[in-house]
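Keep in mind the model is a prediction, meaning the values are calculated, not measured. Sequence lines set the chain letters: A, B, ... in the order given, protein chains first and strands last, and positions in each chain run from 1.
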Number of protein chains: 2
Amino acid sequence: MALSHAILAALNDCACSGYDLAKKFDGSVGFFWNATHQQIYRELIKLEEQSYIDAQLIHQEHRPDKKIYTLTSKGEEYLRSWIETPSTVSPLKDDLLVKIFAGSIASSETIVAELKHHRAQHLETLHTYQSIAAQVFPDRSQLSNVERYHYITLRQGIGIETEWLAWCAESIELLEF
Amino acid sequence: MALSHAILAALNDCACSGYDLAKKFDGSVGFFWNATHQQIYRELIKLEEQSYIDAQLIHQEHRPDKKIYTLTSKGEEYLRSWIETPSTVSPLKDDLLVKIFAGSIASSETIVAELKHHRAQHLETLHTYQSIAAQVFPDRSQLSNVERYHYITLRQGIGIETEWLAWCAESIELLEF
DNA sequence: TAACCCATGTAACCTGTTACATGATTAA
DNA sequence: TTAATCATGTAACAGGTTACATGGGTTA
């Protein structure tokens with residue numbers, strides 16, 4: 001039931017359509033929870049059946065109609081009670097580490113190339129996070145309550161990506177010399 | 001098809017039964033790929049059908065019989081070719097970050113308590129990794145090829161857990177004062 | 001004598017992925 | 001005129017979770 005929580009969290013941030021949500025899941029919430037548009041549409045139907053969200057049909061000229069979803073008070077209560085229930089650390093699923101674990105059956109050049117490839121991806125993600133930090137949180141001493149929480153999640157991304165980069169560099173060195 | 005790779009990687013490390021694999025997925029490979037025993041048994045059947053692994057039935061007195069699975073050369077080739085195919089960074093799925101993203105609908109005490117709870121879990125994991133490092137890799141200048149790769153994955157765990165701890169501490173401070 | 005370990009499995013269900021489908025509008 | 005954007009959906013399948021089931025052996 002975790003996709004539902006991510007959707008409710010996104011809708012709590014701002015009411016929007018399934019299509020908008022799908023785009024949000026490519027940024028913001030999507031940085032720590034990924035989902036395709038099909039999953040989102042399916043989940044929205046269930047959430048509406050459970051009265052956690054309300055849909056308002058918006059008729060548009062020259063564009064397909066859309067449904068704007070809003071959290072109901074029941075949905076908000078449900079989100080809050082989930083947040084208040086302690087959880088364990090989310091399990092990892094990481095391809096790169098599986099590859100490196102079995103790395104000895106390939107050549108070290110292959111593994112080093114893959115590490116460099118991942119280093120480039122992490123560097124790009126770090127740059128994305130840093131530019132969001134500069135653009136949406138230029139003044140860290142003046143954060144609203146909502147902003148402070150968003151900023152904390154951004155800091156996590158920046159810290160973790162920085163750590164990945166350091167580890168990639170260290171591992172490449174260990175394998176090249 | 002990623003569980004299959006994790007199983008092949010585990011079997012490449014050492015031939016074992018489904019039951020042993022399930023235990024391995026609570027440590028070693030399990031640190032970066034989790035799976036239940038039901039998933040493992042189901043996947044083993046498929047891998048055997050595809051001739052990526054071979055089963056040898058071991059009859060035991062006073063204990064249920066068991067099947068020891070070994071990688072075939074076809075399975076090894078398949079694992080190697082997967083490792084040689086570049087992959088993108090694995091997507092995240094993290095409950096805590098979703099909770100914090102929507103943190104403003106709960107009290108800051110709730111969020112701080114959850115951060116402390118997670119900090120304790122990360123500290124425990126870090127200790128686990130550090131004791132493995134001390135016990136299985138006491139002399140880092142004398143690593144075999146296989147050990148070097150395992151050591152690199154352990155270093156990742158140590159680095160990431162350390163970063164999580166730093167982030168938890170920083171976030172708690174931001175919310176408490 | 002209760003609980004846990006060894007060892008494997010079935011069944012039902014939920015979640016996630018991929019492909020396909022529609023149809024108008026807008027920018028290159 | 002080609003591709004992308006807006007907006008929603010169906011269908012089939014793969015992967016993951018939870019509960020249930022068996023039955024002997026060992027440890028507290």
Give every donor-acceptor pair under 3.5 Å between a side-chain atom in residues 86-93 of chain B and any protein atom, sequence neighbours left out.
| unit_1 | atom_1 | unit_2 | atom_2 | d |
| --- | --- | --- | --- | --- |
| B:Ser87 | OG | A:Lys99 | NZ | 3.2 |
| B:Ser87 | OG | A:Glu114 | OE2 | 2.9 |
| B:Ser90 | OG | A:Asp95 | N | 3.0 |

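- The shortest distance between side-chain heavy atoms of B:Ile152 and A:Leu115 does not fall below 4.5 Å.
- Pairs of residues two or more places apart, or lying in two chains, that qualify as side chain to side chain donor-acceptor pair (under 3.5 Å) and include a residue from residues 152-172 of chain B are A:Arg155-B:Glu170, A:Glu170-B:Arg155, B:His122-B:Glu161, B:Trp167-B:Ser171.
- Applying the salt bridge (Lys or Arg N to Asp or Glu O under 4.0 Å) test to pairs two or more places apart or on separate chains, those with a residue in residues 17-26 of chain A are A:Asp13-A:Lys24.
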**Message:** I'd like to compare against my own output: the B/S/- annotation of nucleotides 12-18 of chain C with a strict under-4.0 Å heavy-atom distance to protein.
**Reply:** ---SBBB

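- Listed by chain and number, the hydrophobic cluster partners of A:Val146 come to none, as no ILVMFWY side chain reaches under 4.5 Å of it.
- A search for salt bridge (Lys or Arg N to Asp or Glu O under 4.0 Å) contacts involving B:Glu84 returns nothing, not counting sequence neighbours.
- There is no path of hydrophobic side-chain contacts, each under 4.5 Å, that joins B:Ile45 to B:Ile7.
- A:Trp82 is not listed as a side-chain neighbour of A:Leu8, based on a closest heavy-atom distance of 4.5 Å or more.
- On the nucleic acid side, DNA chain D contacts chain A at distances under 4.0 Å to non-hydrogen atoms, with the end points of that region at D:dT5 to D:dG16.
- Applying the ring pair (Phe, Tyr, Trp, His ring centres under 6.0 Å) criterion to B:Phe25, with sequence neighbours excluded, gives no partner residue.
- Using a 4.5 Å heavy-atom threshold, the side chains of B:Ile58 and B:Asp65 count as separate.
- The stretch residues 6-32 of chain A touches DNA chain D through A:Ser17, A:Gly18, A:Tyr19, A:Lys23, each having a heavy atom within less than 4.0 Å of the strand.
- Residue pairs satisfying the ring pair (Phe, Tyr, Trp, His ring centres under 6.0 Å) criterion with at least one member in residues 51-71 of chain A, sequence neighbours excluded, are listed as follows: A:Tyr52-A:Tyr78.
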Residues 101-109 of chain A side chain polar contacts: donor-acceptor under 3.5 Å, at least two apart:
| unit_1 | atom_1 | unit_2 | atom_2 | d |
| --- | --- | --- | --- | --- |
| A:Ser107 | OG | A:Thr110 | N | 3.2 |
| A:Ser107 | OG | A:Thr110 | OG1 | 2.9 |

Show each protein N/O and nucleotides 21-24 of chain C N/O combination with a separation under 3.5 Å, one pair to a line.
none

